[in-house]
Amino acid sequence: MSAICGKLQIEYCASCGFGQRFINVKREVTSAHKKVTVVGNPSAPRRGAFEVTFVDRDANETLLFSKFKCNRFPQKGEIVGLLEHFVEHGEVPEVDANKCIVC
C-alpha cells in the first residue's frame, strides 16, 4: 500500500473525558501513517461524540467511525484498519456495534 495522505478529524466530547481516547487513536494513526494529520475537535463537539472522519487531498470527507452509530468506542487498531480499508477499496466496511471487524 502506498503512503496515505490526508487528515483525520476526530470530534470527541472533552467534557465527557474522551481526551485520552483521542490521544490514543492519534498516536496509533500517526505511528502507522506518517503523512496523515490527526486533528481533534475541528469545531465545537457534540456531547457524547467520538466521530472519526477522513479528509482526502481534494477535501472530500468520509465518516470512518461513529460512536453515535455503534454505541461504543473504537478498539485498538480499528481506526487504522478502517482507514487502510477505505483507501484501498474506496469504501468503509460496515462496523459491527459489538466487535471490531477489521482488526
Quiz item: Do Arg72 and Phe65 have side chains that get closer than 4.5 Å, going by heavy atoms?
Solution: yes
Quiz prompt | Close side-chain approach of Phe50 to Val25, heavy-atom, < 4.5 Å | solution = yes
Exercise. Using side chain to side chain contact (heavy atoms under 4.5 Å, CB included) as the criterion, point out the one residue from Val29, Ile4, Asn60 that pairs with Phe54.
Key: Ile4
Quiz item: Looking at residues at least two apart in the chain, or sitting in another chain, which of them share a side chain to side chain contact (heavy atoms under 4.5 Å, CB included) with Ser15?
Solution: Cys13, Arg47
Quiz item: If you measure from CZ on Phe68 to CG on Leu63, what distance do you get to the nearest 0.5 Å?
Solution: 11.0 Å
Self-check item: 4.5 Å side-chain heavy-atom contact, His85 and Glu91
Solution: yes
Quiz item: What are the two closest heavy atoms between Leu82 and Val92, and how far apart are they?
Solution: CD2-CG1, 4.5 Å
Quiz item: Measuring from Leu64:CG to Glu78:CD, what's the distance to the nearest 0.5 Å?
Solution: 10.5 Å
Self-check item: For the student: nearest non-hydrogen atoms of Gly48 and Cys16, plus distance
Solution: N-SG, 3.6 Å
Quiz item: Which residue pairs satisfy the salt bridge (charged side-chain N to carboxylate O under 4.0 Å, His left out) criterion with at least one member in residues 17-32, sequence neighbours excluded?
Solution: none
Quiz item: Out of curiosity, does Val39 fall in the hydrophobic cluster containing Phe86 (side-chain heavy atoms, cut-off under 4.5 Å, transitive links)?
Solution: no
Quiz item: Going by heavy atoms in the side chains, are Asn41 and Glu11 under 4.5 Å from each other?
Solution: yes
Quiz item: Mind checking whether Ile10 and Ile79 have side chains closer than 4.5 Å, heavy atoms only?
Solution: no
Self-check item: Residue from Phe22, Phe18, Phe73 passing ring-ring contact (aromatic ring centres under 6.0 Å, His included) with Tyr12
Solution: Phe22
